[in-house]
*Asks:* 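Below you will find the structure I want to go over with you.
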Amino acid sequence: AQSVAQPEDQVNVAEGNPLTVKCTYSVSGNPYLFWYVQYPNRGLQFLLKYITGDNLVKGSYGFEAEFNKSQTSFHLKKPSALVSDSALYFCAVRETLSNDYKLSFGAGTTVTVRA
Amino acid sequence: EAEVAQSPRYKITEKSQAVAFWCDPISGHATLYWYRQILGQGPELLVQFQDESVVDDSQLPKDRFSAERLKGVDSTLKIQPAELGDSAMYLCASSPQRGIPYEQYFGPGTRLTVT
């Protein structure tokens with residue numbers, strides 16, 4: 001079975017400071033990993049994904065994430081947060097050998113960036 | 001930029017009534033997903049279509065929920081009868097192909113309130 005844990009319900013940072021949103025995963029084999037962002041009353045927007053190759057993945061809006069296989073983590077980072085980054089962030093995982101290609105999402109982390 | 005369309009955006013219904021949601025995926029996307037997102041949680045897959053065929057409906061409460069994608073393009077999700085516990089956001093997503101780990105593109109969602 002595959003699963004994702006986002007250990008922090010909320011993350012609060014000041015604008016201009018680094019932002020980190022944590023994600024750990026559990027799969028039987030190798031993972032495909034995704035980050036999505038959700039603004040109030042909106043659907044999820046894709047930020048970035050890890051499929052294979054370089055452990056550091058760069059995505060939309062200046063976000064990046066680092067895949068760490070030994071720690072089974074895929075933390076989302078942004079060097080300098082903006083007030084407009086305030087939103088709900090979801091990490092998701094899919095096993096590479098899964099027959100149903102289903103994504104499993106974490107419970108989400110609410111990010112608040114204060115001016 | 002192409003988007004996934006959903007309607008209605010908001011729906012209020014009384015318990016025991018029937019309700020239906022519509023989704024039009026991005027043109028050319030073969031795979032369509034319906035998710036349910038309860039407030040404070042990540043999305044959970046209800047049903048997945050590949051073209052017009054259901055490939056995963058293991059989490060769909062089949063006694064009251066049904067989904068169809070008759071021509072392999074747009075899709076309808078129905079609940080009959082609605083229960084109070086069905087209040088949630090219903091998200092539709094699409095992706096180009098089932099096997100390859102493309103990201104899923106989400107629509108804005110339908111927020112259902114059952115009274």
Side-chain angles (χ1 to χ4, degrees), chain A residues 1-10 21 23 25 27 29-53 57 59-60 63 65 67 74 87-110, chain B residues 1 3-11 21 23-26 30-50 53-60 88-113:
Chain A
Q2 59 191 35
S3 65
V4 167
Q6 294 181 240
E8 300 163 316
D9 291 337
Q10 291 196 344
V21 186
C23 170
Y25 66 89
V27 295
N30 293 317
Y32 295 133
L33 293 156
F34 303 80
W35 275 102
Y36 287 85
V37 61
Q38 185 177 33
Y39 296 98
N41 294 313
R42 300 292 298 277
L44 278 66
Q45 295 179 31
F46 170 76
L47 283 178
L48 50 80
K49 66 181 178 184
Y50 171 80
I51 302 302
T52 188
V57 178
S60 306
F63 284 94
F67 171 62
F74 190 56
L88 183 57
Y89 290 80
F90 290 99
C91 182
V93 68
R94 200 194 99 184
E95 285 198 41
T96 58
L97 298 179
S98 170
N99 288 330
D100 58 18
Y101 309 105
K102 182 163 52 180
L103 275 183
S104 296
F105 286 84
T109 298
T110 299
Chain B
E1 182 176 319
E3 295 181 342
V4 176
Q6 288 188 250
S7 66
R9 291 292 309 278
Y10 303 91
K11 180 70 177 178
F21 314 131
C23 171
D24 191 12
I26 293 173
T31 309
L32 185 147
Y33 311 80
W34 282 103
Y35 288 89
R36 178 170 58 187
Q37 184 182 17
I38 296 171
L39 192 63
Q41 299 181 19
E44 292 182 304
L45 182 69
L46 291 175
V47 62
Q48 178 181 340
F49 289 91
Q50 178 70 16
S53 300
V54 173
V55 295
D56 184 355
D57 62 356
S58 57
Q59 301 302 311
L60 189 71
M89 175 79 90
Y90 290 83
L91 296 166
C92 179
S94 69
S95 63
Q97 197 168 335
R98 182 164 174 249
I100 297 172
Y102 289 108
E103 57 270 24
Q104 296 178 19
Y105 296 84
F106 284 79
T110 297
R111 180 165 296 283
L112 173 66
T113 302

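A, B, ... follow the sequence lines: proteins, then strands. Residue 1 opens every chain.
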*Asks:* For A:Gln45, which atoms come within 4.5 Å of any heavy atom of chain B: side chain, backbone, both, or neither?
*Replies:* neither
*Asks:* Not counting sequence neighbours, list each pair that qualifies as a salt bridge (Lys or Arg N to Asp or Glu O under 4.0 Å) and has a residue in residues 29-44 of chain A.
*Replies:* none
*Asks:* For a quick test of reading the model, state the closest non-hydrogen atom pair linking B:Gln37 to A:Phe90 and the distance between them.
*Replies:* NE2-CZ, 3.2 Å
*Asks:* Which bit of A:Ile51 comes within less than 4.5 Å of chain B, counting heavy atoms only: side chain, backbone, both or neither?
*Replies:* side chain
*Asks:* So how far is it from B:Tyr35 OH to A:Phe105 CZ, rounded to the nearest 0.5 Å?
*Replies:* 4.5 Å
*Asks:* Shorter than 4.5 Å, heavy atoms on both sides: which option in B:Met89, B:Gln104, B:Arg111 has the most such pairs with chain A?
*Replies:* B:Gln104
*Asks:* Which atoms of B:Tyr10 are under 4.5 Å from chain A, going by heavy atoms: the side chain, the backbone, both sets, or neither?
*Replies:* side chain
*Asks:* Quick one: list whatever passes salt bridge (Lys or Arg N to Asp or Glu O under 4.0 Å) with A:Lys49, sequence neighbours left out.
*Replies:* B:Glu103
*Asks:* Counting only heavy atoms not in B:Glu3, do more than 12 sit closer than 6.0 Å to its CD atom?
*Replies:* no
*Asks:* Checking ring pair (Phe, Tyr, Trp, His ring centres under 6.0 Å) between B:Phe106 and each of A:Phe46, A:Phe34, A:Tyr36, A:Tyr39, which is the one that passes?
*Replies:* A:Tyr36
*Asks:* Which residue out of A:Asp9, A:Val4, A:Leu48, A:Leu44 racks up the most heavy-atom pairs below 4.5 Å with chain B?
*Replies:* A:Leu44
